[in-house]
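Just so you know, residue 1 is the first one in the sequence shown, and it goes up from there.
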Amino acid sequence: MNHNFIENQNWRYATKKFDATKKIAPADLEFLKEAIRLSTSSYGLQLYKVFIIENPAIRAELQPASWGQSQIVDASHLFVFANNVDVQEEHIDHYLENIAQTRGISMEAVKGYGDFMKGNLVNLPLDKKAIWTSKQTYLALGNLLNAAAELKIDVTPMEGFLPEKYNEILGLNVLGYSASLVAAVGYRHEDDATQHLAKVRKSTEELFETI
C-alpha cells in the first residue's frame, strides 16, 4: 500500500514564514494549475477564477488588506480564488457548449441537463448564489493543497483578508467576481519554528461515526 499521500499530509502545514528567495519552477506551477483545473465542482460549472499574483507592487498593496501578514509578500506566488457572484444562463450555456465540444455530442443532448441547472441556480437570490459559488473555491483549494504537498511546496490557506479591498485593488467587481479565499504558495523558511511542531488533529474515534 502506498502511504505517500498520508506522509505528505503530515508534512504539510500552514506555513507562517516563507523563504522569499525561493521561487516555484514554471513546470511545478503548471502542475499546480492543472490540479486546480481538474478539481471537482458542483455540476462541473467551475464558477470561479484563480488570479495568480506575481507582481510585487500589487502584493504590497494587498498586504495591508490581509492583516499585514508576511506570507502575502514573501511567498513565491499568491493565489486569489474569486467566485462568480451572479450565476446567469450564459454561464451555464457556456458550460454546455464545452460539454458538447469536448464529448462530441449535440447541444440538444445536454439541453435537459442545462434546463435542470438553470432551474436550480439562475433564480436564486443574489446572496445565495454568491455563497454557493464561494463554496466551490474551497473544493479547488483542496486540490491545490494536495498537489503542492506532493511536490513539497508549501501552501498557506488564508481567510484573514478584506474581500472588498481585494476586489477593489484587483478590479474584481467589474469582472463579476469577489475574492473568496487566498493561498500563499512557496517554500517554508528555515526559521519558521511552526514546521517542527506536531500536527494536532482529532483522533479517528472522535472524528468518525459509522452508522
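- Every residue meeting the side chain to side chain donor-acceptor pair (under 3.5 Å) condition with K33, not counting sequence neighbours, appears here in chain and number order: E30.
- There is no path of hydrophobic side-chain contacts, each under 4.5 Å, that joins V182 to L162.
- Put simply, the side chain of R59 gets close to the backbone of A75: a donor and an acceptor are under 3.5 Å apart.
- Other residues, nucleotides and ligands contribute more than 12 heavy atoms inside 6.0 Å of the NZ atom of K118.
- Other members of the cluster containing I211 do not exist, because no ILVMFWY side chain is joined to it at under 4.5 Å.
- Residue-environment remark: NZ (K22) stays at or below the threshold of 12 foreign heavy atoms within 6.0 Å.
- Here the closest non-hydrogen pair linking A14 and T156 is C-OG1, 3.8 Å.
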Inset, instruction - Please lay out, stage by stage, how Q9 and N146 fare under the test side-chain contact (heavy atoms from CB on, under 4.5 Å). - result: CA-CA 8 Å; Q9 295 306 303; N146 294 332; 3.1 Å; yes

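- The heavy-atom pair separating M158 from A184 by the smallest distance is SD-CB, 4.2 Å.
- Salt bridge annotation for E108-K111: absent, with no cationic side-chain nitrogen under 4.0 angstrom from a carboxylate oxygen.
- With Q71 contributing its side chain and T15 its backbone, the two residues share a donor-acceptor pair below 3.5 Å.
- Without hydrogens or angle criteria, N83 side chain to V85 main chain gives no donor-acceptor distance under 3.5 Å.
- Minimum heavy-atom separation, Y113 to Y43: OH-O, 3.2 Å.
- A donor-acceptor pair under 3.5 Å is formed between the side chain of S203 and the backbone N or O of E206.
- Linking ILVMFWY residues whenever their side-chain heavy atoms come closer than 4.5 Å, directly or via other members, leaves L78 and W67 in distinct clusters.
- Interatomic distance, OG1 of T194 versus NZ of K16, reported as 5.0 Å (0.5 Å rounding).
- A donor-acceptor distance shorter than 3.5 angstrom exists from the side chain of N167 to the backbone of A179, with no hydrogens or angles considered.
- L38 and Y95 are assigned to two separate hydrophobic clusters, defined by single-linkage of ILVMFWY side chains at heavy-atom distances under 4.5 Å.
- Counting heavy atoms from C-beta outward, F161 and V80 have side chains that stay 4.5 Å or more apart.
- Residue S39 comes nearest to Q46 through the heavy atom pair O-NE2, 4.4 Å, listed as atom of the first residue, atom of the second, then distance.
- With hydrogens and angles disregarded, no donor-acceptor distance shorter than 3.5 Å links the side chain of S134 to the backbone of S180.
- K199 contributes atom NZ, which lies 10.0 Å from atom OH of Y13 (distance to the nearest 0.5 angstrom).
- Between the side chain of K129 and the backbone N or O of V87 there is at least one donor-acceptor pair closer than 3.5 Å.
- Annotation for I153: hydrophobic cluster partners, listed by chain and number, are I24, L29, F31, L32, I36, Y48, V50, I52, F79, F81, Y138, L141, L144, L145, L151, V155, L181, V185, Y187 (ILVMFWY side-chain heavy atoms under 4.5 Å, direct or chained).
- Shortest non-hydrogen contact noted between A147 and A35 is CB-CB, 3.5 Å.
- Between the side chains of N8 and K152, at least one donor N or O sits under 3.5 Å from an acceptor N or O.
- The main-chain N or O of L139 is never found under 3.5 Å from a side-chain atom of N143 such that the two would form a donor-acceptor pair.
- Judged by distance alone, with hydrogens and angles left aside, the side-chain atoms of H91 form a donor-acceptor pair with the main-chain N or O of Q88 at under 3.5 Å.
- Residue T133 comes nearest to N84 through the heavy atom pair OG1-O, 2.6 Å, listed as atom of the first residue, atom of the second, then distance.
- Taking OG of S42 as the start and CG of L47 as the end, the distance is 9.5 Å to the nearest 0.5 Å.
- Proximity of a side-chain donor or acceptor of Q69 to a complementary backbone N or O of G160 within less than 3.5 Å is detected.
- Taking CZ of R103 as the reference point, atom CG of N98 lies at 9.5 Å (rounded to 0.5 Å).
- Atom CE of M107 and atom CD of Q101 lie 11.0 Å apart (nearest 0.5 Å).
- For the atom pair CG of D191 and CZ of F18, the computed distance is 14.5 Å after rounding to the nearest 0.5 Å.
- Using cut-offs of 30° and 60° for the angle between ring planes, the Y177 and F51 rings count as perpendicular.
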